[in-house]
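Read through the structure below, which is laid out as structure tokens, and then see the notes.
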Amino acid sequence: MDYNFNEIEKKWQDFWAENKTFKAENKSDKPKYYVLDMFPYPSGAGLHVGHPLGYIASDIVARFKRNEGFNVLHPMGYDAFGLPAEQYAIQTGTHPAVTTEKNIKRYRRQLDQIGFSFDWDREVRTCDPGYYKWTQWTFVRLFEHWYDLDWDKARPVSELKKIFDKDGSKEVNAAKNDHEPFTAEQWKSFSETEQQQILMHYRLAYLSETLVNWCPALGTVLANDEVKDGYSERGGHPVEQKKMKQWSLRIRAYAERLLNNLDKLNWSESIKEIQRNWIGQSEGAVIYFPVKGKEKTIDVFTTRPDTLYGSTFMVLAPEHEIVDELKTEDNKHKIEEYIERSKNRSERERLAEVKEVSGVFTGHYGVNPVNGREVPIYIADYVLSGYGTGAIMAVPAHDSRDFAFARHFDLPIIQVVKNPDEQVVDTAQWNDSYDAKEGVIINSDFINDLDVEEAIRRIIDILEEKNIGYGTVNYRLRDAIFSRQRYWGEPFPIYYKEGMPYPLDDSKLPLELPEVDEYKPTKEGKPPLARAKHWTTEEGYPLETSTMPGFAGSSGYYYRYMDPNNDQEYFSNEANQYWRDVDLYLGGDEHATGHLMYARFWAMFLYDIGMTVEEEPFKRLINQGKIQGRSNFVYRIVGENKFVSYHKRKEYKTQRMHVDINLVHNDILDIEAFKNWMPEFKDAEFIPEDDGKYVCGWEVEKMSKSKYNVQNPDDLIDEYGADTFRLYEMFLGPIESHKPWDTQGIEGVSRFIRKFWRLYHDEQGNFDVSDEKPNADELKILHQTIKKVKEDIDKLSFNTSVSQFMICVNELGEKKTKKRQILEPLVILVSPFAPHIAEEIWNRLGHSDTISYAEMPGYNEDYLKESSFEYPVSFNGKMRFKKELPLDMSKEEIEKAVLEDERSAKYLGDKPPKKVIVVPKRIVNIVVAK
RNA sequence: GCGGAUGUGGCGGAAUUGGUAGACGCGUCAGACUUAGGAUCUGAUGUCUUCGGACGUGUGGGUUCGAGUCCCUCCAUCCGCACCA
């Protein structure tokens, strides 16, 4: 009788739920282990086979660690705020909470049937007021803190006020927005509103007028990581640049820590590299260029201050604030036209026109502060307002963009760096700039003959001595825009008094989402929350109408899991001290710059304010690969309802069409099923292969409905059971690599599960395990397997563990082993992978408790010891035959034995061997003259 | 353009410090049992072969007794960034 997975899997899932088998305690003498999955957005489409890949891997680790005696925290929840439910609400009027609740139920059902060992008592939902209270609470803390660059941590704004009272702004080295410096006396003379305005330049959550990514189709602004190639990541709508007043988080203050800490993290090199790029550190200098005839200077940022003498013009970004002052009656029109032009061009067009040189001369000149050279000031959109100071000193000889610009506008080009052995050629002859990262400085007064590195150091000293600039580090990372003009998100705990924002008192949290009549913006273009009645404080002050973005709720959820039902605190100090950080975090690499950056920032801030004991939240991070679809195709003869089989398709003029993968087995089309698939194919005709079968083409593509290649896990679990499904997902290949889903292979794993079951049962299906003593061979295969699986789980190499289980079960099956001393440890070892069948067998072995906490067997080296080894014998590196020899034989004896072997004579010929290499327990290689 | 990763049978993929290439599984072929097979079991299965062997881990070279693994060159694919001064 075969294994009845339907009945048995249900039985144990119910058992786990009823007994709260996986409930984790915050107090324990056991060592802790925190395994976390990136929580899902509960979409209407439900899970597909790609989602559970990471969950299965983390579940195996969680279960394995429990068996190894760890107190394991393995929670799950939902990232439940988000655009799809809101878009649906706009279309249908259904409250997003209703849609979300429905989708969550479906997710939960799908998750439950896979047999995960989550502690569901710790579930969190970002849209639950009991949860988002703490998102709001953290926002208020961010609002009330500033970043001290000298202390390298966040400090309360109350302390900043004291510093201003005492010394004004001079002594403060903070991450801030620019403002005019002031003295203590000035500070005290400012009005309340003026003081608030100043403080806003320092707060870690701040309101400011900035250039934002505005997405008209979604009616909201987006953060940089939510925009890809000028389109919104969600929905693919065009995005434009717009100046708006928005909340931002000052993540830039943490740029250096975010960058430096990467070295300490056990994350994949690729993700760390993506984050390094995103942070984009560059060392250089800011240099002040006076504007001729004006009381103004333009600050430029450069990574190559050593080329200062080669600067022959300056370029400002069109959005640069000084541009207004440079307008004169003569050039006003030209400048405005140019600015208008670059503003109207979408991001997309700007990118497409990279190579086209454009710009406009302002009619003004800057003065090079080291040699007094007057250089023309241009405006051009190849200079970005958001990077550096939004202004550059152009060095056309050594920068390709500046070079192209100089050629286009016929500006001088002066070489200031050369190779030591290079003949200097007139720059007029050059076809391109010489982007010299090393070399010797020429034409540069004091710094002539220095090499680039020295020259940079020297020139920065000069700049600082003369007070005409300073050395600095610049970051590409931008502050995170934190407001969204949407409904389905966390309301800001902020009200306005005389136009200035103030935080709500903690006792007023959570500030719950109000009911609205419609989920659209108002007629005046205000966000949906402006529709709410009485959206004010008790005193009548208006509340903020934007909501927080998707990453708000996901930035700190891993802390809430530590103490999810605490209504007094975000999480208790004790809970945090015990669980500390996430030991293993699994999720997709699409979150490399978004979630993983914000979460680290969030965690660092909470660390700074003394909430937590670890600065970095995720010690080890694994990115599971995506599962791609495997599509099938049929070939329709153009203009006919006739289909040609794969190998004959070239004989006709055909058109390739996707066909539902459920109608295809082993690439052979079920013709009858195909005819019934869609009415138009009812009378279709077919030109099959010569054996009468219709063969389909195939290709690996993204899994999507329109390609008819979506594999639904529910169907597979119905057909094969959860244990088989879990094993197969793991067997597919390394967890981190992308791989195509091919349902065919699941049969092999299904066979394995049945063979495994048969090990413990006789042919009639009766449980059959004996107390006989195992022999050396049986112990050897068991302990080999224990060893391999332990090592594999450490490396998260689950595909090779499954192989090892197959090898082990095949071998024990051949030996007809029925011995408890072998089979009992084996079932514990298999249980993290296939927990249902393992529980059932464990139960039949006579245990009344769950297998989830059974002690994981250790391996004993003694059982693995061999007394002989089958040496591969090579001649000139080519393996010719194998010879079994005892392991205690000396090298000389091995050499002798091999050379005396009759098979050697053939390869030796009549000459003695030139050399014999013997590596004990590895190989014998004999070198013969050719 | 810059940075990162990956290239192994028909397919998914294995291969400690350089030491038997292709484990395990799918598929395919043959056989057994069957009324039947998309069930089960057994065996074969990298390519070519004059059956001696030869060739084989993207390409070309190098180091080595020995290279999928180390070094150099080039090619392809995927991912990230991209006017970042």
Side-chain angles (χ1 to χ4, degrees), chain A residues 2 228-229 268-278 280-282 284 300-304 307 311 315 317 350-351 353-357 380-384 386-395 398-402 404-405 435 474-477 589-590 592-593 623 625-626 630 665-668 670 698 700 727-728 731-734 736-749 751-752 754 791 797 799-807 810 870-882 906 913-919 921-928:
Chain A
D2 255 354
K228 283 236 146 73
D229 299 329
S268 76
E269 210 37 58
S270 73
I271 285 264
K272 288 204 235 179
E273 205 51 39
I274 291 170
Q275 293 216 338
R276 284 189 194 108
N277 281 336
W278 191 258
Q281 185 187 57
S282 50
V300 304
F301 174 74
T302 177
T303 54
R304 294 297 302 275
T307 62
S311 177
V315 187
R350 243 173 112 145
L351 289 172
E353 290 171 23
V354 162
K355 285 188 178 68
E356 196 182 299
V357 177
D381 60 13
Y382 84 88
V383 173
L384 307 174
Y387 186 77
T389 59
I392 62 158
M393 59 169 210
V395 183
H398 304 292
D399 181 287
S400 58
R401 296 150 305 172
D402 296 346
F405 196 87
D435 295 350
N474 190 54
Y475 295 95
R476 200 185 73 102
L477 182 69
D589 59 7
E590 65 272 20
T593 52
N623 301 110
K626 281 196 189 59
R630 187 181 186 279
H665 294 277
N666 276 341
D667 295 333
I668 309 287
D670 180 337
W698 64 272
V700 172
L727 282 168
Y728 186 53
F731 189 58
L732 234 33
E736 292 186 80
S737 54
H738 300 229
K739 54 228 153 206
W741 179 263
D742 184 358
T743 310
Q744 229 53 47
I746 200 169
E747 294 286 349
V749 175
R751 273 194 275 271
F752 161 77
R754 279 173 283 166
E791 287 168 356
S797 171
N799 55 328
T800 49
S801 302
V802 179
S803 297
Q804 183 61 39
F805 285 136
M806 288 174 170
I807 293 167
N810 284 346
E870 195 178 27
Y871 281 91
V873 180
S874 304
F875 291 81
N876 291 335
K878 291 197 178 73
M879 206 277 290
R880 297 301 178 177
F881 62 85
K882 290 177 186 171
K906 187 171 152 192
K914 252 170 128 178
K915 196 174 177 185
V916 179
I917 290 116
V918 176
V919 184
K921 222 189 160 186
R922 272 284 135 78
I923 197 167
V924 178
N925 190 23
I926 298 160
V927 185
V928 260

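Chain identifiers are assigned alphabetically (A, B, ...) following the order of the sequence lines, protein sequences preceding nucleic acid strands; residue numbering begins at 1 within each chain.
A:Asn799 has a side-chain polar atom (N or O) that falls below the 4.0 Å cut-off from OP1 or OP2 of B:A14. OP1 or OP2 of B:A82 has at least one side-chain nitrogen or oxygen of A:Arg476 nearer than 4.0 Å.
A:Met806 CE to A:Phe752 CZ: the interatomic distance, rounded to the nearest 0.5 Å, is 6.5 Å. To the nearest 0.5 Å, atom CD1 of residue A:Ile392 and atom OG1 of residue A:Thr303 are 10.5 Å apart. Note that the OH atom of A:Tyr871 and the CD1 atom of A:Ile923 stand 11.0 Å from one another [nearest 0.5 Å]. In this structure, the separation between CE on A:Met393 and CZ on A:Arg304 is 9.0 Å, given to the nearest 0.5 Å.
As rounded to the nearest Å, B:C72 and B:G56 have C1' atoms that lie 23 Å from one another. Comparing B:U6 with B:C70, their P atoms sit 10 Å apart, to the nearest whole Å. Nucleotides B:G25 and B:A14 have their C1' atoms positioned 11 Å apart, rounded to a whole Å. Nucleotides B:G22 and B:G9, compared at atom C1', are 7 Å apart to the nearest Å. B:U77 and B:U69: their P atoms are spaced 22 Å apart (whole Å). Comparing the same atom, P, in B:A67 and in B:G18 gives a spacing of 13 Å after rounding to whole Å. Separation of the C1' atoms belonging to B:A15 and B:A23 is 8 Å when rounded to the nearest angstrom. One P atom belongs to B:C26, the other to B:U40, and the distance between them is 10 Å to the nearest Å.
In the set B:U40, B:G80, B:C83, B:U40 carries the atom at the smallest distance from any side-chain atom of A:Arg754. The listed nucleotides are B:A82, B:G4, B:A85; the one nearest the side chain of A:Ile392 is B:A85. If you check B:G38, B:A85, B:G12 against the side chain of A:Leu384, the one that comes closest is B:A85. Considering only the side chain of A:Lys882, B:U20 comes nearest among B:A85, B:U20, B:C83.
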For nucleotides 25-27 of chain B, which of its nitrogen or oxygen atoms have a protein nitrogen or oxygen under 3.5 Å away, and what is each distance?
{"from": "B:G25", "atom 1": "OP1", "to": "A:Asn810", "atom 2": "ND2", "distance (Å)": "3.1"}
{"from": "B:C26", "atom 1": "OP1", "to": "A:Arg751", "atom 2": "NE", "distance (Å)": "3.1"}
{"from": "B:C26", "atom 1": "OP1", "to": "A:Arg751", "atom 2": "NH2", "distance (Å)": "2.4"}

Polar-atom pairs under 3.5 Å, protein N or O versus N or O of nucleotides 50-53 of chain B: list them with distances, or write none.
{"from": "B:G53", "atom 1": "OP1", "to": "A:Lys906", "atom 2": "NZ", "distance (Å)": "3.0"}

Using a cut-off of under 3.5 Å, enumerate the N/O to N/O pairs linking the protein to nucleotides 61-65 of chain B.
{"from": "B:C65", "atom 1": "O2'", "to": "A:Asn925", "atom 2": "ND2", "distance (Å)": "3.2"}
{"from": "B:C65", "atom 1": "O2", "to": "A:Asn925", "atom 2": "ND2", "distance (Å)": "2.7"}

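In this structure, NZ of A:Lys272 is placed 12 Å from P of B:A5, rounded to the nearest angstrom. For the pair A:Asp399 CG and B:A85 C1', the interatomic distance rounds to 6 Å; values are reported in whole Å. Nucleotide B:G13 holds its P atom 7 Å from the NZ atom of A:Lys739, rounded to whole Å. Here B:G80 presents its P atom at 17 Å from CD of A:Glu736, a figure rounded to the nearest Å. In this entry the distance linking CE of A:Met879 with P of B:G46 reads 14 Å, nearest Å.
When all heavy atoms of A:Tyr382 and A:Ala394 are compared, the closest pair comes out as OH-CB, 4.5 Å.
Under the salt bridge (Lys or Arg N to Asp or Glu O under 4.0 Å) criterion, A:Glu791 pairs with A:Lys787, not counting sequence neighbours. Considering only residues two or more places apart in sequence or on other chains, A:Arg476 meets the side chain to side chain contact (heavy atoms under 4.5 Å, CB included) condition with A:Trp278, A:Tyr387.
A:Trp741 places a side-chain heavy atom less than 4.5 Å from the side chain of A:Leu732. For the pair A:Asp399/A:Phe405, no side-chain contact is recorded, criterion being any heavy-atom separation below 4.5 Å from C-beta on. Put simply, the side chain of A:Ser270 does not reach to within 4.5 Å of the side chain of A:Asp589, judged on heavy atoms. Between A:Val919 and A:Asn925 there is no side-chain heavy-atom pair separated by less than 4.5 Å.
Taking syn as a glycosidic angle within 90° of 0, B:G53 does not qualify and is anti. Annotated as syn: B:G52, whose O4'-C1'-N torsion sits within 90° of 0.
Between A:Asp670 and A:Met393, the one whose closest nucleotide on RNA chain B sits nearer the 5' end is A:Asp670. Between A:Ser270 and A:Pro740, the residue whose closest nucleotide on RNA chain B is further toward the 5' end is A:Ser270.
RNA chain B contains the following stems of three or more consecutive Watson-Crick or G-U pairs, with both distances under 3.5 Å: B:1-7 with B:75-81, B:10-12 with B:24-26, B:27-32 with B:40-45, B:46-48 with B:53-55, B:60-62 with B:70-72.
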